[in-house]
Asker: 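Pasting a structure below so you can have a look.
Values below: all heavy atoms of this structure, side chains included; hydrogens, waters and symmetry mates excluded. Since we're looking at a predicted model, the values are computed, not measured. Chain letters run A, B, ... following the sequence lines, proteins first and then strands; every chain starts at 1.
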There are 2 protein chains.
Amino acid sequence: MSLPYAVLGILTYSPMTGYNLGKIFNKSVNYSWTASLSQIYRELGILEKKGYVLSDIQQQDDKPNKKIYHITNDGKRAFDEWLTDFPEFFSAPKRDEFTLRLFFGSKVGAVELIKQFKRFIEERQNFKQMMVEGKKTLTEMIKNAKKNETELSIQQDEIFWHFIVKRALMTNQMLIQWAKECITELEAMLSQEKQRSE
Amino acid sequence: MSLPYAVLGILTYSPMTGYNLGKIFNKSVNYSWTASLSQIYRELGILEKKGYVLSDIQQQDDKPNKKIYHITNDGKRAFDEWLTDFPEFFSAPKRDEFTLRLFFGSKVGAVELIKQFKRFIEERQNFKQMMVEGKKTLTEMIKNAKKNETELSIQQDEIFWHFIVKRALMTNQMLIQWAKECITELEAMLSQEKQRSE
DNA sequence: AGGGCCATGTAACCTGTTACATGATTGA
DNA sequence: TCAATCATGTAACAGGTTACATGGCCCT
């Protein structure tokens, strides 16, 4: 539902190849949206049929030829329409394997779950570090993609990217806090059980 | 990937109809997992072919007949295997329309975005209220589904459901905080712009 | 010599959404 | 009387994942 607009939106910054688009997507995985390369290639094909993008082939001798996509006026119009048409409800359906397993936590056992919570915290701490480095690369990548333009327009975007990064970091911090509290409660439960059996 | 196990997991509590399963799923939407009724009916069909569940038809004169599904030993084994086989990474791919639009925030404009952030906060505050009431119903529903059993086994589950509810509430609170901070930053930006243009 | 990056996609499959079809009971 | 709840599903479609296929350059 959003993928075509995400693709169009990226192309408003600069014409680029499907491969390049994939790179930007996969950098923004950590922030808000994921898409695989094959998905992007397929989507670009659909968008071209609709007349929302056009492509030019750029010959290259040393590397495979590039197919550079750029957005058309029709595409821009479609994107703008989507952009300003905010959905009535914001919350997306959640599907989270870990929480699902937690739902059946009594069948897993507290000892095992404490282990898993600790792994969970570790993963989150690694993510935190990645984010600090990751923010730079996204900005740089878009700068690279539009070498010929001024940097002024990117500057305007930075506050919004900062919002997204902030959200990701806050979410992360909150989840670490949550996991720690769960561990504490589970350990309390375990020591109570021990006392009762003694 | 997880849907079949979610279905099997619910059926370990008690045999029930597809309709009933759907109810439980839709109550747990707010917590961790969503599935539509049609998805559940299809999945039950697949699970029956695999021999993970079996069904008995219960005649009813006043209402449509019930098809009551129960889990088989094979099904239990498959569920247990999944349950104890935690994935290497916990984080699920994120697809969030609101954050995606934020990514292109400079094209939306600060004034419009402040409006949207306020709607976002409102939705979250409504959600908060729903959760407080919602927790009871899930517990009650499972109690209803297994009238004939003791309440002891549900008691063991409650700590884990409490973890899930807690996570949802913490996420919610954090998002409200985030949105408020974003509004503050956007308003600061707007007043700066005004000053410059005067 | 082997893996990673650049660069293109296709095809099969799995999962999720939406719309349709049917029909009785119960409460506002 | 009209909507909601109980109860079953099917069919078409949309979106996402995984595997396959090709091939040269660059760095270790």
Asker: Rounded to whole Å, how long is the line connecting atom CG of A:L3 with atom C1' of D:dG16?
Answerer: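 Answer to the nearest Å: 9 Å.
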
Asker: If we ignore angles and hydrogens, is there a donor and acceptor under 3.5 Å between the side chains of A:Q177 and A:E181?
Answerer: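 Judged by distance alone, the side chains do pair up.
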
Asker: Nearest 0.5 Å, please: how far is OG in A:S2 from CG in A:L8?
Answerer: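 Those atoms lie 11.5 Å apart.
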
Asker: In terms of the angle between their ring planes, are A:F117 and A:F98 parallel, tilted or perpendicular, with boundaries placed at 30° and 60°?
Answerer: perpendicular

Asker: Which is it for A:R101 and A:E112 under the salt bridge (Lys or Arg N to Asp or Glu O under 4.0 Å) test, yes or no, and what are the steps along the way?
Answerer: CA-CA 12 Å; A:R101 269 170 240 255; A:E112 175 63 21; over 6 Å; no

Asker: Which of residues 36-55 of chain B sit near DNA chain C, with a heavy atom under 4.0 Å from it?
Answerer: B:S36, B:S38, B:Q39, B:R42

Asker: Is the phosphate of C:dG16 approached by B:R95 (side-chain N or O, under 4.0 Å from OP1 or OP2)?
Answerer: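 For B:R95, the contact criterion (side-chain N or O under 4.0 Å from OP1 or OP2 of C:dG16) is not met.
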
Asker: Could you state the atom-to-atom distance from CD1 of B:I68 to P of D:dA7 in whole Å?
Answerer: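 After rounding, the reported distance stands at 9 Å.
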
Asker: Just the rounded figure in Å: distance from C1' of C:dT15 to NZ of A:K94.
Answerer: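 Checked: the NZ to C1' distance equals 21 Å.
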
Asker: Expressed in angstrom and rounded to an integer, what is the separation of A:N26 atom CG from C:dG4 atom C1'?
Answerer: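 Answer to the nearest Å: 15 Å.
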
Asker: Measure the distance from CH2 on B:W33 to P on C:dT15 and round it to the nearest whole Å.
Answerer: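 About 10 Å, once rounded to whole Å.
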
Asker: To the nearest 0.5 Å, what is the distance between OG (B:S36) and CZ (B:R42)?
Answerer: 8.0 Å

Asker: Relative to the 5' end of DNA chain D, which residue comes earlier, B:M1 or A:S2, by the nucleotide with the nearest heavy atom?
Answerer: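 Nearest nucleotide further toward 5': that of A:S2.
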
Asker: Take the protein atom CG of A:N20 and the nucleotide atom P of C:dG9, then report the distance between them rounded to whole Å.
Answerer: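 My rounded result for the distance is 14 Å.
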
Asker: Report the distance from atom CD1 of A:I57 to atom OG1 of A:T17, rounding to the nearest 0.5 Å.
Answerer: 12.5 Å

Asker: OP1 or OP2 of C:dA7 versus the side-chain N and O atoms of A:K66: is any pair under 4.0 Å?
Answerer: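 Yes, within the criterion.
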
Asker: Of all the nucleotides listed (D:dC6, C:dC6, D:dG9), which has the minimum atom distance to the side chain of A:K23?
Answerer: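 When the side chain of A:K23 is considered, C:dC6 is the closest of D:dC6, C:dC6, D:dG9.
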
Asker: In whole angstrom, give the distance that lies between atom NZ of A:K67 and atom C1' of C:dA7.
Answerer: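 After rounding, the gap between these two atoms is 12 Å.
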
Asker: Within this structure, what is the CG-to-P distance between B:L100 and D:dG15, rounded to whole angstrom?
Answerer: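 Answer to the nearest Å: 14 Å.
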
Asker: In plain terms, say whether A:R77 and A:D74 are close enough for a salt bridge, that is, a side-chain N and a carboxylate O under 4.0 Å apart.
Answerer: yes

